[in-house]
Amino acid sequence: MLDELGQDAPLLVGRAENFWTGRLDLADTILRLKAYARASADVLYAPGVATREEVSLLVREVHPTPLNVLANEETVLTVSEFEALGVRRISVSDTLERSSAWGGFMRAARSISDQGRFNFEHPANGGELDSFFRFSVGAPAVLQATIVGAVEYRIGEGPLGLVRPRTAEITLSLGDVVFTWGESTWREEAAMPFANFCRYVADGAIMLMGT
């Protein structure tokens, strides 16, 4: 359903706030979500439901209507684990802003005021920010690129390796970027975090074709 609507379509979200307000009644939450589904909600959302068992039960009970979950600093499950349970949409509310933007701001400010040190942790430059927003919203899923600089990758837990200068196909996702290259008789691939990819593009080590 979400795929058919498209990423820019407005969504009618049916939201049951039982767990968010301290009423830990999963059965009542399911009843409310099913009522929203019957009222034509596009997505069902129960913020505060967090355990694997709770999420799995909600997915089964409200199927085929997609389930939205909330992830915050207390979330243990990963994106891939949520996906495996059948979750179709994940919200982070203000947690990303508080942990990354305001959290980093407060740590840096305290370092200056308490220690007299300018401890700015991994600040993103303008090029990295531009690359991040270019490729995280509306970018093609697959791009053609030329590796012209030193681009590192890691296979599993092994040591870092270098992708030699060459033409490669790049498959984008918000979590990882996969590089594929080779000739007619062989193919190799390597993955790297999305943020690293944005940095290499900003630094000019990866030249994208047709963007």
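Just so you know, these numbers come straight off a predicted model, no measurement behind them.
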Which pair of non-hydrogen atoms, one from [X] and one from [Y], has the smallest distance, and what is that distance?
X: Ala168; Y: Phe179; answer: CB-CD2, 4.4 Å
X: Ala39; Y: Leu12; answer: O-CD2, 4.4 Å
X: Val43; Y: Leu11; answer: CG2-CD1, 4.0 Å
X: Thr75; Y: Leu70; answer: OG1-O, 4.0 Å
X: Arg187; Y: Gly182; answer: NH1-N, 4.2 Å
X: Ala16; Y: Pro47; answer: O-CD, 3.7 Å

Any donor-acceptor N/O pair, [X] side chain to [Y] backbone, under 3.5 Å:
X: Ser56; Y: Leu85; value: no
X: Glu61; Y: Leu57; value: no
X: Tyr200; Y: Glu152; value: yes
X: Ser113; Y: Ala109; value: yes

*Would Arg15 and Glu17 pass as an ion pair if we require N to O under 4.0 Å?*
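Looking at Arg15 and Glu17, the cut-off is met.
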How many angstroms lie between [atom1] in [X] and [atom2] in [Y], if you round to the nearest 0.5 Å?
X: Leu143; Y: Met209; atom1: CG; atom2: CE; result: 10.5 Å
X: Leu33; Y: Arg38; atom1: CG; atom2: CZ; result: 10.5 Å
X: Thr65; Y: Arg88; atom1: OG1; atom2: CZ; result: 12.0 Å
X: Tyr36; Y: Asp42; atom1: OH; atom2: CG; result: 14.0 Å
X: Asn18; Y: Leu26; atom1: CG; atom2: CG; result: 9.0 Å
X: Thr29; Y: Tyr45; atom1: OG1; atom2: OH; result: 13.5 Å

Do you reckon [X] sits in the same ILVMFWY cluster as [Y], going by side-chain contacts under 4.5 Å, direct or chained?
X: Leu172; Y: Val79; value: no
X: Met207; Y: Met192; value: no
X: Trp20; Y: Ile90; value: no
X: Val163; Y: Val178; value: no

*Derivation and outcome, side chain to side chain contact (heavy atoms under 4.5 Å, CB included), residues Val69 and Leu77*: CA-CA 11 Å; Val69 298; Leu77 296 174; over 6 Å; no
*Please check if atom CD in Glu83 has more than 12 non-hydrogen atoms from other residues, nucleotides or ligands closer than 6.0 Å.*
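Atom CD in Glu83 is not packed in, count stays at 12 or less.
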*Is the CZ atom of Arg166 crowded by more than 12 outside heavy atoms at less than 6.0 Å?*
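Above 12, so yes.
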_Steps toward side chain to side chain contact (heavy atoms under 4.5 Å, CB included) verdict (Ile147, Trp181)_ = CA-CA 11 Å; Ile147 311 299; Trp181 67 89; over 6 Å; no
_Distance alone, cut at 3.5 Å: any donor-acceptor contact between the side chains of Asn72 and Ser93?_
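No, no side-chain donor-acceptor contact under 3.5 Å.
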*So Val151 and Phe197, side chain to side chain contact (heavy atoms under 4.5 Å, CB included) or not? Walk me through it.*
CA-CA 9 Å; Val151 174; Phe197 165 74; over 6 Å; no
_Ile170 side chain reached by Ile206 side chain, heavy atoms, under 4.5 Å_ =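 SC-SC contact between Ile206 and Ile170 confirmed.
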